[in-house]
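Quick caveat, the model's predicted, so the values are computed rather than measured. Lettering follows sequence order; numbering is per chain, from 1.
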Amino acid sequence: MPTEIPKQYVPSAAEAQWFPFWESHGYFNADPDPQKPPHVIMIPLPNVTGALHMGHALNGTIQDLLTRWRRMQGYVALWMPGTDHAGIATQAVVERRMKEQENLTRHDIGREALVARIWKWKDEYEKRIIGQQKKLGASCDWRRVRFTLDEVCSKAVRRTFFKMFRDGLIYRGKRLVNWDTFLQTAVADDEVYTEDVAGKFWTFSYPVADANGQPTDRKISFSTTRPETMLGDTAVCVHPTDERYLDLIGKQVQIPLNGRLIPIIADALLADKDLGTGCVKVTPAHDPNDYACWTRNKEKMGDPINLLNPDGTFNENAGPYAGLDRLAVREAVVTAMEQAGGFEKVEDRTIPLKFSDRSKTAIEPYLSDQWFVKMDELATKAVDAVKNRDVEFFPERYANSYLDWLEEKRDWCISRQLWWGHRIPVWTFPIGPNPSLSDELEEKINRIFGSDSFVMPELQKALAARMGGASDDKLAFQVSFNEVTGDWSALMCIGPDQEQLEQGFKAEFGDLQDPDVLDTWFSSALWPHATLGWPDLEHNPPMVESEQARSASDGSPAEEKNPALALRAGNAVLDYFYPGSVLVTSRDIITLWVARMVLTGLYNMGDVPFKHVHVHPKILDGFGQGMSKSKGNGVDPLDLIEKYGADGLRFTIASLAGETQDVRLPISYACPHCDALIPQTLEHQKAKPKEGKKPRVKCPKCKKDSQYTSANYDADVSEPVASMVSERFEYGRNFCNKLWNACRFALINLEGYTPGAIADADLALEDRWILSRLATVTDEVTRLLDKYQFDQATRALREFVWNEFCDWYLEMIKPRLRVVESSEENIPGTAVPGLRANCQRVLVTVVDTILRLLHPFTPFITEDLWQRLNEIAPERPGVESPESNIQSDTTDDAPMPWEAQGSPSLGSLTPQPAAAACIIASWPTGLERFRDPALETRFQRLQDLIGAVRNLRGVYNISPAAILDVYIRCQPDVAADLDVVAEQFGTLAKNRLVACGPDVARPPASASFSLGEADGYVPLEGLIDRTAELARQQKEAEKIRGFIAGHEKKLTNTSFVERAPAEVVQEIRDTLVTLNKQLASTEDVIQQLGG
RNA sequence: GGGCGAUUAACUCAGUUGGUUAGAGUGCCAUCCUUACAAGAUGGAAGUCACAGGUUCGAGUCCUGUAUCGCCCACCA
């Protein structure tokens, strides 16, 4: 068997074998179990716009790590997978491709066809995303995968919208949107870019009017870069404390262009005394700030005047200018103002202008009807949830972003002018100029609702009151009056599951449903409870039957396998898994998503969606830019998995997930010819094909050039591509390989292993030491994971496995492992009565525990090794408690299982059958009894001594093959420890420990060192130069003197001695004693050398 | 403009409530294919802890200011 284990870990083999193994055994499945506590993580749903990048890999690694860890601790650990339809982003991607490949716009093919195309896109990318997640090892309950537009989520959206509408939380309002006059659509803020363009800055004046509305000689001047908007001015505005204009506030001015009279108002937010003339014109329909000013001063000025048609030409509100393009109007207006005597001056100026990312044309601010959610009360509750610590942020500081944003309580605009998304379930129902129903309307309505209509009386009541608000479970409505057309209409919100009503409306009135869709965040806000089946309280949510799940679960639903479930009526899944445990996300969506999930969770469920929010760092490239596909620095996790293995990737990522900093990840291209790494430059990122030739990257090693992965164009499939990787991941890969080889060594040496109890007396010094360290590191890792400090946890584990287990323990047990069975009883020269069997048992215990500790970080390799270990050692000394080892968050005082057993002796390691798979093995506990700090200190001394000897070898450049004699002068207790491990001196440092004890003297021609409590001498006749050694020792003495001086200075400083804590002072004194000893021995050596 | 964060070795980052001589990985130099591992072993060189003040017996750590960088929000007639 040992020969079967390859010398290098081959990640692809383990990954291909163990993921299907886990999934087919149903290990990822999480079903309610009243005997166990739940641990729930809802994935921050990735967009179906494209493949995942490193940010997702980081996010996913952390969640999987937590899920696997909690599962091992005995929780029913649910990690809920799924994807987001991501309205704007996805529609834009599909539209762009359609335009590029077929030169079609969405208007060419229509709403239904476009949506069908996007669904196809979604299917493709969802598959790809899930594939990536599985490659990473994601132990989601894949039977529960959800999509924000699927039936379950759609129902939750409909129910929530209806509920909010009925509760009066949803209202129709005006809002200025970024209007793309070319595409004739509203564009989101993040699809708009700003560019500086050459423009003009005009100053005009309006004449102040007298009481009769006649222009006077007095003028008020203002500046603008968009004179055409003067046609839509509804006021001019000054600062309330501006003395130049105090007397004018409340008076009127006349717009010479159309003779309209508008008021002079005062508004401290809009007007700035120090800018321009201090006076500003106000055009609420075409400027966001002016619009905000209007909302503050509605009663003083008229309603906003919209001047634009959707195509960017001026409408009838512009009078004689109607039908002209906005730039033509600009010229005409300037001319008209000159003629009217209102022109003062013009200057050139660069103006930041917004452009649509998609059409590259200038954006016009455009007033439009939108739907809003009132945030007032909802926000207050969500704020309280964090202030009361019902939801806690890790790291804590991120609570600020959340609170600051919510406390503004800005209403949430939830409508989007798109086709891809949840269509707003509101039908606008025309009533006419009178707020009552015509006979014709009434007939239509009766046909829809039936003659015994439950709605009519209420509708009429509402109409009479000219306000909306009446409702029942099926229908809710508001009544609105359009000032422009002078018509009344009823806004009907049809509840979920009311297909008949919808059909009826359509039959009588045509398609009156609001054409807009909901903001993507509206559905993702519901994710934590929608995925669990809310609002259906009667049934568990449906599950997807994957192939693996089907073959594994013999087709029977979870309820049949778990009788406890079958007995429960209602939605046990929702009951059991809500609220969730922790949300893992990056900081940029704290407001957009986290805040809204808390808000809707409280609104729909009456409880927060999760207890903890862990905010992890962002991944940046080597230039400090965020990673994204469009920047050309979005590394595909699959490329990294291929090169470094999923575990290597995961371990590295976890090591980067600290609390303070974002992660910089310098990117390289991997040469497809020779595998060399070529650092990526900004030029690489930006390069675009020139004259049909695609940029190439040249490998400095093999001198060949190749095309590379780029954001700007697709690579040719016909030739190899240099993929983006980062050598940082060698860290994790190398660690995995080290672990692999350590376990390989163990497995080879476990030949002939027999299970059996280990008695206290059979434990060698190094056994006790490694068990003590193991106990310490287990405790440390558990504590760190509890605090989401993954970087520190990986560091602790790596250091333990590599620098303690491999470098010291494995080296030290080699002599015992080499013992052949027959000579076991009497091994000459072995310090410990070293029974090979006992050594194997301790080794198996340590390896077993290491694999379990590492499993959440590196699941594939640990599973692989676990299975191999199970073959050779199916029963092994268990250090785990047979009981569930869940630590409750609330009952800190509850005794841990091992505490309840009192204080067992060291020799209580008795064999138990190992778990069938590492993924379901229990998280290590019960090691506490092995902790022995005094022993660890003694061992440290030993390590220091070996280190000092190795140092001499290095300094004198002595061949590793040469065996050195070592003499050590030390106290008897140190000598006793040394005697115990004398044999290992050979293994560890290629030395022979000739003598140790208080009476050891320095042999002539020795190199020496002093550690204070021990001095070491290595005779190096012929190998050292007396003068060189003297110089080295003198340098050493000088260094020690420096330290001593520093310490003495402190101790003679009375304020230090008086004010510093006693233990600090004592520490300095102790160190000083050691330093003086060191100095004395060093000086002694110097003297012997004739110095 | 407001908020949050960062600045420590050539690179990427740790550094607990202030307390001996500031650490790791990578890279670099030297020696070594020692029967688990060259994706390895042993040793070494490498730091004015961004800058300037302050608090303190004592500051990488706390405070103030400056500079640079990043992110979020607001705004730019």
Which part of the nucleic acid, if any, lies within reach of A/Tyr731 when heavy atoms closer than 4.0 Å are counted: base, sugar-phosphate only, or nothing?
sugar-phosphate
Shortest side-chain distance from A/Asn741, nucleotide among B/C37, B/A74, B/G19
B/C37
Using Watson-Crick or G-U wobble geometry with both distances below 3.5 Å, tell me the partner of B/A10, or none.
B/U26
Classify the ring geometry between A/Tyr206 and A/Phe222 as parallel (under 30°), tilted (30 to 60°) or perpendicular (over 60°).
tilted
Parallel, tilted or perpendicular: rings of A/Phe651 and A/Phe735 (30°, 60°)
parallel
Say you pick atom C1' in B/G19 and the same atom in B/G60; how far apart are they, in whole Å?
13 Å
Steps toward ring pair (Phe, Tyr, Trp, His ring centres under 6.0 Å) verdict (A/His614, A/Tyr788):
CA-CA 7 Å; A/His614 168 60; A/Tyr788 307 103; 5.1 Å; yes
When rounded to the nearest Å, what value does the distance between P atoms of B/A74 and B/G58 take?
47 Å
Starting at the 5' end of RNA chain B and moving along, which residue's nearest nucleotide shows up first, A/Asn734 or A/Gly622?
A/Gly622
Could you work out which one of B/G25, B/A41, B/A36 sits closest to the side chain of A/Asp807?
B/A41
Which value, in whole Å, describes the distance between the P atoms of nucleotides B/A52 and B/G3?
26 Å
Classify the nucleic acid contact of A/Leu1072 as base, sugar-phosphate or nothing, counting any heavy atom under 4.0 Å across all strands shown.
nothing
Pairing of A/Lys618 and A/Asp662 as salt bridge, 4.0 angstrom limit:
no
Examine B/U42: is either OP1 or OP2 under 4.0 Å from a nitrogen or oxygen in the side chain of A/Asn951? Give yes or no.
no
Under a 3.5 Å limit on both distances, the Watson-Crick or wobble mate of B/C69 is B/G5
Students often get this wrong, so: under 4.0 angstrom with heavy atoms, is A/Cys806 touching a base, only sugar-phosphate, or nothing?
base
What is the nucleic acid contact for A/Lys1049, judged by heavy atoms within less than 4.0 Å: base, sugar-phosphate only, or nothing?
nothing
Take atom P in B/G18 and the same atom in B/C62, then report the distance between them in whole Å.
8 Å
Can you tell me if A/Ser586 uses its side chain to pair, donor with acceptor, with the backbone of A/His616 under 3.5 Å?
no
Nearest to the side chain of A/Arg587, heavy atoms from C-beta on, is which of B/U21, B/U12, B/C71?
B/C71
Atom NZ of A/Lys1050 and atom C1' of B/G18 are separated, to the nearest Å, by 11 Å
Counting the atoms with a prime plus P, OP1 and OP2 as sugar-phosphate, which does A/Arg953 contact under 4.0 Å by heavy atoms, base, sugar-phosphate, or nothing?
nothing
Side chain of A/Pro666 - closest among B/G70, B/G19, B/U12:
B/U12
Residue A/Lys990, side-chain heavy atoms: nucleotide from B/U34, B/C4, B/A39 that is nearest:
B/U34
Does B/G23 have OP1 or OP2 sitting under 4.0 Å from an N or O in the side chain of A/Arg795?
no
I'd like the C1' distance from B/U7 over to B/C49, given in whole Å.
10 Å
If pairing means Watson-Crick or G-U wobble with both distances under 3.5 Å, then the partner of B/A36 is none
Reckon A/Trp802 touches a base, only the sugar-phosphate, or nothing at all at heavy-atom distances under 4.0 Å?
sugar-phosphate
For a 4.5 angstrom cut-off between non-hydrogen side-chain atoms, does A/Thr858 reach A/Phe860?
no
Please state the C1' separation for the pair B/A9 and B/A14 - nearest whole angstrom.
13 Å
Would the number of heavy atoms belonging to other residues, nucleotides or ligands and lying under 6.0 Å from CD of A/Glu799 be above 12?
no
Would you classify A/Arg410 as touching base, sugar-phosphate or nothing, given that sugar-phosphate means primed atoms plus P, OP1 and OP2, and contacts are heavy atoms under 4.0 Å?
sugar-phosphate
P atom, B/U34 versus B/A50: distance in rounded Å?
44 Å
Listed nucleotide nearest any side-chain atom of A/His1047, set B/U21, B/A41, B/C4
B/U21
Counting side-chain heavy atoms from CB outward, which of B/A74, B/G19, B/A38 is closest to A/Lys7?
B/A38
Rounded to whole angstrom, note down the C1' distance from B/C33 over to B/A39.
15 Å
Starting at atom CG of A/Leu620, determine the distance to atom C1' of B/C13, rounded to an integer number of angstrom.
13 Å
Provide, to the nearest angstrom, the distance between the CZ atom belonging to A/Phe800 and the C1' atom belonging to B/G25.
20 Å
When we call it a touch if two heavy atoms are under 4.0 Å apart, what does A/Arg733 touch: a base, just sugar-phosphate, or nothing?
base
Provide, to the nearest angstrom, the distance between the CZ atom belonging to A/Phe735 and the P atom belonging to B/G40.
12 Å
The nucleotide from B/U20, B/A36, B/C71 with an atom nearest the side chain of A/Thr1071 is B/U20
In terms of relative ring orientation, are A/Tyr9 and A/Trp740 parallel, tilted or perpendicular, with 30° and 60° separating the classes?
tilted
May I ask which nucleotide in the shown strands pairs with B/G53, Watson-Crick or G-U wobble, both distances under 3.5 Å?
B/C63
Could you tell me the Watson-Crick or G-U partner of B/U17, where both distances fall under 3.5 Å? Say none if there is no partner.
none
Between the base of B/A36 and the side chain of A/Glu811, is there a donor and acceptor pair under 3.5 angstrom?
yes
With distance as the sole test, does A/Arg744 use its side chain to make a donor-acceptor pair with the main-chain N or O of A/Gln8 at under 3.5 Å?
no
B/A45 pairs with, by Watson-Crick or G-U criteria that keep both distances under 3.5 Å
none
Can you check the A/Glu730 CD to B/G40 C1' distance for me, whole Å?
14 Å
What is the separation between atom CG on A/Asp1070 and atom P on B/U21, rounded to the nearest whole Å?
14 Å
Any base atoms under 4.0 Å from A/Thr225, or only sugar-phosphate, or nothing? Heavy atoms, all strands.
sugar-phosphate
Suppose we call a contact any N or O donor and acceptor under 3.5 Å apart; does that hold for the side chain of A/Gln8 and the base of B/A39?
yes
Would you indicate, yes or no, if B/A41 has its OP1 or OP2 atom less than 4.0 angstrom from a side-chain nitrogen or oxygen of A/Trp808?
no
Residue mapping more 5' on RNA chain B - nearest nucleotide basis, A/Gly278 or A/Lys738
A/Lys738
Do other residues, nucleotides or ligands put more than 12 heavy atoms under 6.0 Å from A/Glu642 CD?
no
Euclidean distance, atom CD of residue A/Gln943 to atom P of B/G43 [Å, nearest integer]:
12 Å
So which nucleotide from B/U12, B/G70, B/G3 ends up closest to the side chain of A/Asp404?
B/G3
Rounded off to whole Å, could you give me the CZ-to-P distance for the A/Arg950 and B/G44 pair?
11 Å
